[in-house]
Every structure is written in structure tokens, then in C-alpha cells.
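Input: a single structure, listed below in C-alpha cells.
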Amino acid sequence: MSELQKTFSIIKPDAVSTGKAGKIISLLEDSGFRIVGLRMTKLSQSQAEGFYAVHSERPFYRSLVTFMTEGPVIVMALEREDAVKKLREVMGATNPANAAEGTVRKLYAESIERNAIHGSDAPETAADELQYFFTAIELNQL
Ligand code: CMP
């Protein structure tokens with residue numbers, strides 16, 4: 001049996017504004033995740049730019065930053081066994097057109113950009129992303 005692991009997730013502005021946040025949180029809980037940290041916030045331009053800095057050379061970067069700052073998001077720390085990999089399975093493919101049945105993006109995403117949810121892509125990224133949004137004191141309490 002693998003160890004409990006934490007990962008980081010964002011319910012994006014499209015899903016929050018259309019009232020899908022509760023359904024997404026339920027789906028995550030029903031998939032075995034425990035919510036160990038959660039906060040609603042609105043990303044500033046520089047927060048969104050920094051968070052997605054790895055994509056800064058991509059053609060969709062400016063549009064992605066605009067989208068991620070258009071309204072409130074919900075940032076979460078999630079825990080379960082193999083959390084990073086399992087969250088990405090539950091989220092589904094980046095493009096909802098390619099997402100498997102029953103996944104968050106198949107159910108709730110509008111497009112490849114407005115795709116309802118973010119999840120860390122590796123344990124190292126999860127640690128960085130958790131630190132980006134939660135204070136050291138909060139992380140110690142998780
Ligand atoms: P996320 O998993 O948060 O990581 C990067 C985000 O960029 C992705 O979800 C989408 O919101 C967005 N994205 C990725 N690929 C594209 C694309 N081809 N066109 C527009 N947005 C994209």
C-alpha cells in the first residue's frame with residue numbers, strides 16, 4: 001500500500017462562476033480525496049503569471065492568465081494515497097473533448113483553456129504549488 005500524499009488543485013473561474021464547485025468537490029471526496037486545505041481567492045495578474053510561468057512561451061499564455069484572473073477560484077490541498085496521479089485521473093485530459101467519461105473535465109469543462117480544474121503534474125510540482133498558495137503555518141497544520 002502506498003503512502004498518503006498531498007497534491008494541489010484549483011477549481012478554475014469557469015467552474016466557480018457556473019456553480020459547479022460543490023459538485024467538483026463532491027466528486028473529489030467520492031474519489032477518495034480528503035480536503036486538507038481550501039480557500040476561495042481571486043488571483044492577481046502577477047500571481048497567475050507566476051503560477052503559470054512554465055507556460056510563458058506558449059501561444060495561449062496571455063489568454064490563460066486573463067482567464068485565470070477573471071473571477072474567483074478555489075485553491076485546495078488534497079490528500080490520499082497516490083494523490084498526484086489519482087487527481088490527474090479524476091480530472092481527465094486537458095482537452096475535455098478527449099476526457100474520459102465521469103471525469104471532472106468531461107462533466108464540467110467548457111474548452112481546452114476553460115477546463116474547470118488544475119492539478120499538479122508531479123510530486124515536486126505539488127510541493128511547489130502548495131507553497132505558492134498556502135503559508136508555512138497552514139502547511140504545517142495540513
Ligand atoms: P492546467 O492543467 O491548469 O495547465 C495549463 C493550462 O493551460 C491548462 O490547464 C489549460 O487551462 C491551459 N491550456 C493548455 N493547453 C492549452 C491550449 N492549447 N490552448 C489554450 N489553453 C490551454
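Ligands are counted one by one from 1 in listed order, and the atoms in each one are counted from 1 as well.
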State which residues pass ring pair (Phe, Tyr, Trp, His ring centres under 6.0 Å) with Phe33; sequence neighbours excluded, sorted by chain then number.
none
Sub-4.0 Å heavy-atom environment of ligand 1, residues by chain:
Lys12, Tyr52, His55, Phe60, Leu64, Thr94, Arg105, Ile112, Glu113, Asn115, His118
How would you list, by chain and number, every residue that makes a salt bridge (Lys or Arg N to Asp or Glu O under 4.0 Å) with Asp82, sequence neighbours excluded?
Lys85
Under 3.5 Å, is there a donor-acceptor pair linking the side chains of Glu129 and Ser120?
yes
Across all chains, not counting sequence neighbours, the ring pair (Phe, Tyr, Trp, His ring centres under 6.0 Å) partners of Tyr132 are Phe51
Which of Ile11, Thr18, Ile24 passes side-chain contact (heavy atoms from CB on, under 4.5 Å) with Tyr108? It is Ile24
Taking it one step at a time, do Glu70 and Lys12 satisfy salt bridge (charged side-chain N to carboxylate O under 4.0 Å, His left out)?
CA-CA 10 Å; Glu70 75 180 22; Lys12 296 187 180 182; over 6 Å; no
